Number of protein chains: 4
Amino acid sequence: MSFNTFGKLFRFTTWGESHGPAIGCVVDGCPPRIKLSESDIQKELNKRKPGQSKFTSQRKEKDKVQILSGIFESKTTGTPISMIIHNEDVRSRDYETIKNKFRPGHADFTYLNKYGIRDYRGGGRQSARETASRVAAGAIAKMVLKNILGKKFKVIGGVTHLGLLGCNINNWNDKEIGKNPFFCPDKSSVKLWEKYLLSIRKAGISCGAIIELRAYGIPVGLGAPIYSKLDADIASALMSINAVKGVNIGAGMNSAFSTGTEHSDEIIKKGNKTIFKTNNAGGILGGISSGQNIVASFAVKPTSSILQSRKTINKFGKNTTISVKGRHDPCVGIRAVPIGEAMLCCVLLDHYLMNKAQCKV
Amino acid sequence: MSFNTFGKLFRFTTWGESHGPAIGCVVDGCPPRIKLSESDIQKELNKRKPGQSKFTSQRKEKDKVQILSGIFESKTTGTPISMIIHNEDVRSRDYETIKNKFRPGHADFTYLNKYGIRDYRGGGRQSARETASRVAAGAIAKMVLKNILGKKFKVIGGVTHLGLLGCNINNWNDKEIGKNPFFCPDKSSVKLWEKYLLSIRKAGISCGAIIELRAYGIPVGLGAPIYSKLDADIASALMSINAVKGVNIGAGMNSAFSTGTEHSDEIIKKGNKTIFKTNNAGGILGGISSGQNIVASFAVKPTSSILQSRKTINKFGKNTTISVKGRHDPCVGIRAVPIGEAMLCCVLLDHYLMNKAQCKV
Amino acid sequence: MSFNTFGKLFRFTTWGESHGPAIGCVVDGCPPRIKLSESDIQKELNKRKPGQSKFTSQRKEKDKVQILSGIFESKTTGTPISMIIHNEDVRSRDYETIKNKFRPGHADFTYLNKYGIRDYRGGGRQSARETASRVAAGAIAKMVLKNILGKKFKVIGGVTHLGLLGCNINNWNDKEIGKNPFFCPDKSSVKLWEKYLLSIRKAGISCGAIIELRAYGIPVGLGAPIYSKLDADIASALMSINAVKGVNIGAGMNSAFSTGTEHSDEIIKKGNKTIFKTNNAGGILGGISSGQNIVASFAVKPTSSILQSRKTINKFGKNTTISVKGRHDPCVGIRAVPIGEAMLCCVLLDHYLMNKAQCKV
Amino acid sequence: MSFNTFGKLFRFTTWGESHGPAIGCVVDGCPPRIKLSESDIQKELNKRKPGQSKFTSQRKEKDKVQILSGIFESKTTGTPISMIIHNEDVRSRDYETIKNKFRPGHADFTYLNKYGIRDYRGGGRQSARETASRVAAGAIAKMVLKNILGKKFKVIGGVTHLGLLGCNINNWNDKEIGKNPFFCPDKSSVKLWEKYLLSIRKAGISCGAIIELRAYGIPVGLGAPIYSKLDADIASALMSINAVKGVNIGAGMNSAFSTGTEHSDEIIKKGNKTIFKTNNAGGILGGISSGQNIVASFAVKPTSSILQSRKTINKFGKNTTISVKGRHDPCVGIRAVPIGEAMLCCVLLDHYLMNKAQCKV
């Protein structure tokens with residue numbers, strides 16, 4: 001069972017509500033003797049935290065992480081690593097006016113119907129605030145993978161579509177991603193995106209996004225057929241992120257529109273190197289990594305909390321309207337980048353450990 | 001761990017290779033006292049089996065299922081249901097010529113690198129023959145759900161895109177799907193598709209497809225946040241099917257291109273009924289079913305086994321070329337329809353049982 | 001996988017080291033809408049905490065629990081319940097002298113060999129301090145079971161053997177158990193046990209114990225054959241407690257010495273009631289509860305930390321001797337009573353939920 | 001979830017009823033490239049099969065195993081290994097007379113109450129016939145462990161108590177065990193046991209037994225604290241065997257009666273060797289193997305099916321009596337020896353793989 005736990009051999013369990021005293025997670029199955037400090041984790045959390053630019057929510061959270069267990073003399077011990085992040089800038093009164101109404105596009109309606117009770121403050125458990133815990137767990141996975149796979153290993157994500165605006169994917173530049181507030185890998189798109197998003201925000205509306213993730217330096221052999229295929233686990237990992245509605249591996253949905261001749265990646269040998277001429281597979285064949293870069297992308301729907309008035313019902317079953325004020329991102333997809341990276345790191349480490357257990361005997 | 005097992009409370013474990021003596025599965029966690037016979041399962045298997053039209057593989061398999069346990073006096077007993085399907089039309093010599101070469105787009109390369117050994121005959125374990133076991137398990141899930149949810153419950157899938165040809169989704173008609181060899185829900189598209197696929201076959205190439213699944217009569221409340229969200233489990237289930245490269249829930253990848261105003265489904269009350277004005281969510285909010293129809297779609301890449309000659313390497317690391325003869329579907333996506341239906345039924349039953357356990361106390 | 005997680009549908013994950021800043025656990029799968037407060041949990045923790053009598057460790061821990069998530073307006077919400085207990089009376093210097101030596105009977109040797117690193121302070125993760133988290137989780141399970149099963153439900157444990165001294169089991173009186181510092185159910189044994197344990201403590205040695213657990217008001221049908229039998233899960237739960245070396249269900253090991261005539265419990269009907277004439281089965285037949293009281297017992301070895309000098313080696317592989325000072329219980333078995341109760345509650349709730357999911361369709 | 005599945009990384013799922021067409025299991029997670037043939041498995045099955053001496057059931061089953069998948073060119077491929085054993089000597093009419101009565105000591109009453117339906121023929125799923133599947137799975141685990149750990153590895157079990165008669169444990173001789181029909185390790189006890197068991201059989205009654213298991217050549221470090229401790233998993237594995245009521249590790253229940261001075265095993269270094277002076281721990285400290293021999297024992301209750309008339313009720317709730325004819329073992333404990341060995345092998349391999357995954361990075 002895995003309600004609030006992700007992973008098989010490298011697992012994390014998250015807990016906490018948007019407006020409770022704190023959120024956090026417990027990472028279990030982390031290999032011992034890996035150097036790890038709070039700052040390794042903080043660095044990743046800082047990428048996700050709100051209030052960093054005019055394009056994200058103005059909620060002010062330091063997202064300061066504290067490690068409570070599992071580390072001794074600056075190294076992991078193989079025992080569970082518990083991490084806690086205190087909630088600080090909680091303005092629950094913002095939510096008082098909507099405590100009885102179901103926000104369209106949010107999980108208010110389904111949570112109340114499923115559980116018969118819900119913590120409506122800031123969305124409670126359904127809030128994307130939970131994803132900070134994922135980023136913390138992913139930071140640990142990343143450190144472990146670096147340790148194992150060395151310098152060639154890297155996981156990076158970028159926003160390739162901001163609403164209706166795509167970027168030029170051929171201009172993808174890893175180094176550009178950290179330099180603009182959109183995690184956009186194409187420098188030439190940034191200016192336009194800025195204008196676009198400001199106009200979106202001004203209009204009190206919101207837009208969606210597509211994020212592409214790339215993993216370099218992944219060995220052949222990760223992935224456990226049939227029901228823990230690497231791509232199946234990536235799909236589950238990314239689809240579990242708030243507001244995600246679609247997941248592609250390699251050529252993704254577009255695979256439908258190509259022929260076998262175009263789609264299947266030819267293989268050649270150059271010296272000692274195995275080279276795939278294309279990467280429509282996204283680095284995964286039969287659910288197992290092929291040694292190519294892993295490429296996955298996912299779509300984030302537009303923020304559901306918007307200023308515009310929408311039709312809905314309240315918990316007493318009456319028709320009403322709603323207009324959500326609070327402090328919201330005009331495009332939640334932007335902050336999904338470090339979350340996607342984190343989830344991918346966790347899946348990759350999990351499969352690294354599984355492969356080691358089963359196949360390296 | 002779940003290498004060859006799918007599900008949590010309703011679980012099935014599949015086994016078998018394409019050219020071994022048999023394939024099969026063990027279904028565990030099936031509720032007791034449900035009427036079930038081999039013919040209930042055979043009916044679903046017949047939808048998937050090869051050799052039914054000129055548009056699918058000419059391998060002749062009866063796919064005759066035998067139940068070995070778990071049934072007493074025509075009813076399930078709550079104990080594991082073991083099912084076996086004997087392989088009959090096995091022509092392993094077809095594969096002799098390619099036993100040392102890696103077919104592009106297939107998992108030959110990754111299986112050998114991962115396991116250090118592989119059963120190359122008919123693709124061994126990596127063959128889509130394994131999916132017959134999924135259909136058998138899904139047939140049981142469907143019977144149980146019918147029993148629980150009654151007549152309003154239904155899961156149906158249709159091919160909405162055959163290669164470059166889409167159908168008119170507004171013409172979707174459940175009853176049409178069984179009447180043509182493409183599982184196409186739009187009668188007006190069938191003729192054109194026929195011509196198109198014949199030309200594909202003639203050219204010795206292949207094309208991809210998009211399949212849409214719909215589930216009717218699903219109650220509110222199925223789905224277990226955060227890491228067993230209904231959509232995350234559907235994504236994993238569908239992505240685990242051979243050749244699938246993308247999964248959408250509701251508006252899917254297109255969600256990126258809409259605004260919050262367009263995307264979030266407004267809610268209204270009409271008499272006692274809760275009505276969503278649109279279904280961009282695909283019937284799932286926050287990972288929990290909303291009572292709307294569940295809508296998911298997935299893309300299947302074009303068959304990788306094609307007559308055209310392609311570059312590849314052999315297992316000794318030498319460059320070579322390959323052209324795959326055997327008996328292959330010009331579009332494997334077609335036969336993916338009953339597999340997708342089966343997986344969706346399994347996920348839905350699994351979540352029905354989980355919701356019952358946790359929330360109906 | 002379940003390194004630090006216990007349970008299937010009702011699960012808890014514990015974390016923390018003896019001398020870290022805190023310990024705690026995350027309870028996942030708790031049904032919603034159950035009244036629950038910190039004091040419900042504190043009550044159980046107080047039974048286990050050290051320093052309560054001259055017969056237990058003098059470490060002073062308030063064991064004050066704080067709930068960080070999962071509760072809204074005094075009720076469970078179905079989301080994870082995170083609990084934290086801060087460590088207070090940490091005297092790590094006590095352990096400085098032994099940081100390089102392996103204490104016989106402790107896990108020092110195996111932890112270091114397994115993980116290549118260990119937090120030696122107070123035994124780190126291997127310390128029985130971890131069991132406070134189990135008691136906290138068990139307190140929640142107990143509240144939920146009371147809510148579901150009503151007043152007839154009760155789980156209680158008592159010490160039946162304190163070292164060489166047994167008590168008269170026929171005098172078992174639930175109400176007596178809370179009235180003496182040994183959790184002894186037989187009033188007539190208390191005086192003698194007091195003298196005995198004082199002499200043990202004075203001599204700087206230690207003794208073992210046997211604890212018997214009883215669960216009343218358990219319905220027929222809990223237990224999932226074949227590998228999650230109720231007795232198998234109880235055995236795993238109890239054997240996982242620090243220092244436990246044996247587990248019995250009903251007649252237990254003595255079953256070997258009886259005949260089928262004596263052992264198998266005859267069944268009779270009296271009015272509407274099904275009555276078993278004896279309870280050698282301990283309330284479990286074929287891994288499923290029979291409606292009789294569940295009876296299980298377990299043996300706790302004598303405290304390994306003793307004043308007497310013992311032969312051992314240090315981590316550099318040299319022969320040496322050790323004598324453990326610190327603050328230790330002369331009989332750790334006593335404080336195992338609330339831990340055993342907690343584990344049994346968790347197993348019972350877990351099986352209640354599983355049975356509900358699978359069999360009550 | 002693990003209703004009919006045992007293990008984490010090395011897992012097997014069993015299926016089948018006593019009087020159905022067949023029983024079998026699917027082994028998942030077996031490492032690739034291990035030589036394995038049906039005869040390796042048959043050898044172990046032959047130790048368990050009935051009808052081999054006058055001291056066991058006269059049911060004639062060849063217990064001939066067939067491997068259906070997972071092997072290619074005589075080696076494991078890393079894919080699931082499906083095994084089937086056909087039932088042959090099925091005499092269901094023996095059970096007709098008791099189909100409505102609950103046999104005391106059997107699970108008839110609990111199965112019917114739990115599932116609302118039961119296959120009464122030969123005990124259906126609750127029959128010990130299921131254990132043949134365990135032995136088949138265990139045979140594979142044994143082969144893999146031999147392959148990994150080499151010649152020093154060995155798992156062997158012996159009956160140390162046959163009803164009231166113990167053997168002299170100091171005379172334990174591995175080689176003696178295969179030479180008598182009781183798996184007795186002490187040659188001097190065999191004669192007496194023979195007489196004793198014949199008298200038991202003649203009287204139409206039955207007796208219990210204690211089996212001791214020993215594993216040699218186990219490396220330090222197997223076992224995953226806290227909830228997958230090696231001893232907790234062994235306890236669960238052994239308690240899940242039909243008719244088992246108690247499990248001991250090392251000194252077991254007797255640990256309660258010793259002092260810390262006697263119980264904790266002193267450690268010394270002799271040359272390069274770490275030596276424990278005693279083995280009260282049974283080779284496990286803090287849930288982790290110490291490199292000593294693993295020693296575990298378990299008690300099997302006397303066969304419940306006896307000729308003597310016993311009081312019981314029928315499924316209509318009426319008082320009645322029962323006397324069981326059929327073909328039963330006077331002491332089922334004897335045939336539990338290979339089952340215990342099999343389960344121990346599975347647990348050890350599982351933990352070997354887990355340790356490799358987590359700790360050998």
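Keep in mind the model is a prediction, meaning the values are calculated, not measured. Just the heavy atoms: all of them, side chains too, but no hydrogens, waters or symmetry mates, feed the values below. Every chain is numbered from 1, with letters handed out A, B, ... down the list of sequences.
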(request) Identify the heavy atoms of C:G246 and D:N248 that sit nearest to each other, and give their distance. (result) CA-OD1, 3.7 Å
(request) Look up atom CD1 in C:I241 and atom CG in D:D231, then write down how far apart they are to the nearest 0.5 Å. (result) 11.5 Å
(message) If I measure from the heavy atoms of chain C, does D:N280 come under 4.5 Å with its side chain, its backbone, both, or neither?
(response) backbone
(request) Could you look at D:V247 and say if it's the side chain, the backbone, both or neither that has a heavy atom under 4.5 Å from chain C? (result) both
(request) Starting at CD of C:E266, measure out to OG1 of D:T321 and round the result to the nearest 0.5 Å. (result) 9.5 Å
(request) Nearest 0.5 Å please: distance from the CD1 atom of D:I267 over to the NZ atom of C:K311. (result) 13.0 Å
(message) Taking every non-hydrogen pair under 4.5 Å, which of C:I284, C:T261, C:V300, C:V220 racks up the most with chain D?
(response) C:T261
(request) Measure the spacing between CG of C:D265 and OG of D:S304 and express it to the nearest 0.5 Å. (result) 9.0 Å
(request) Name the option with the most non-hydrogen atom pairs under 4.5 Å to chain D; the candidates are C:N4, C:I306, C:L164. (result) C:N4
(request) May I ask you to check whether C:Y227 and D:R134 show a side-chain donor-acceptor distance below 3.5 Å? (result) yes
(message) Can you tell me which portion of D:I268 sits under 4.5 Å from chain C's heavy atoms? Options are side chain, backbone, both or neither.
(response) both
(message) Using heavy-atom distances under 4.5 Å, tell me whether D:T303 contacts chain C through its side chain, its backbone, both, or neither.
(response) backbone
(message) Once rounded to the nearest 0.5 Å, what's the spacing between atom OG of D:S236 and atom CG of C:D233?
(response) 6.0 Å
(request) Supply the atom-to-atom distance C:F257 CZ to D:L165 CG, rounded to the nearest 0.5 angstrom. (result) 10.5 Å
(request) Pick whichever of D:M253, D:K301, D:Q308 has the most heavy-atom pairs under 4.5 Å with chain C. (result) D:M253
(message) Quick check for you: among D:K229, D:M239, D:K318, D:R310, which has the greatest number of heavy-atom pairs under 4.5 Å with chain C?
(response) D:R310
(message) I need the residue from C:S206, C:A107, C:G250, C:G123 with the largest number of non-hydrogen atom pairs under 4.5 Å to chain D.
(response) C:S206
(message) Quick check for you: among D:F298, D:F276, D:Y111, which has the greatest number of heavy-atom pairs under 4.5 Å with chain C?
(response) D:Y111
(request) With a 4.5 angstrom heavy-atom cut-off, could you sort out which part of D:A281 is near chain C: side chain, backbone, both or neither? (result) both
(message) Side chains of C:P225 and D:F3, heavy atoms from C-beta outward: is any pair under 4.5 Å?
(response) no
(request) Could you tell me which portion of C:T5 (side chain, backbone, both or neither) has an atom closer than 4.5 angstrom to a non-hydrogen atom of chain D? (result) backbone
(request) For chain C, find which of D:G291, D:S297, D:P104, D:G7 contributes the most heavy-atom pairs closer than 4.5 angstrom. (result) D:P104
(message) Within the 4.5 Å heavy-atom criterion, are D:R125 and C:I226 side-chain neighbours or not?
(response) yes
(message) Quick check for you: among C:A224, C:P219, C:G333, C:G208, which has the greatest number of heavy-atom pairs under 4.5 Å with chain D?
(response) C:G208
(request) Find the one option among D:G105, D:S2, D:C331 whose heavy-atom pairs under 4.5 Å with chain C are most numerous. (result) D:S2
(request) Pick whichever of C:I210, C:I200, C:L230, C:I249 has the most heavy-atom pairs under 4.5 Å with chain D. (result) C:I249
(message) I'd like to know which of C:A251, C:G286, C:P330, C:A235 tops the heavy-atom pair count under 4.5 Å against chain D.
(response) C:A235
(message) Out of D:G317, D:C207, D:G287, D:G166, return the one with the most heavy atom pairs under 4.5 angstrom to chain C.
(response) D:G317
(request) Check the pair D:N355, C:K114 against side chain to side chain donor-acceptor pair (under 3.5 Å), reporting the backbone distance first and the verdict last. (result) CA-CA 8 Å; D:N355 188 54; C:K114 181 181 181 69; 2.8 Å; yes
(request) Please step through side chain to side chain donor-acceptor pair (under 3.5 Å) for the pair D:S290 and C:T110, ending with a clear verdict. (result) CA-CA 6 Å; D:S290 66; C:T110 51; over 6 Å; no
(request) Would you name the heavy atoms of D:P302 and C:S258 that are closest together and state the gap between them? (result) CG-O, 3.4 Å
(request) Please look at D:K277 and chain C and tell me whether the side chain, the backbone, both or neither of the residue comes under 4.5 angstrom of a heavy atom of that chain. (result) side chain
(request) Give, as side chain, backbone, both or neither, the part of D:E130 having an atom under 4.5 angstrom from any heavy atom of chain C. (result) side chain
(request) Give a yes or no on whether C:K269 atom NZ has more than 12 heavy-atom contacts from other residues, nucleotides or ligands under 6.0 Å away. (result) yes
(request) Before giving the answer on side-chain contact (heavy atoms from CB on, under 4.5 Å), spell out for C:F109 and D:T274 the whole-Å C-alpha distance, their side-chain angles and the decisive distance to 0.1 Å. (result) CA-CA 10 Å; C:F109 176 79; D:T274 300; 3.8 Å; yes
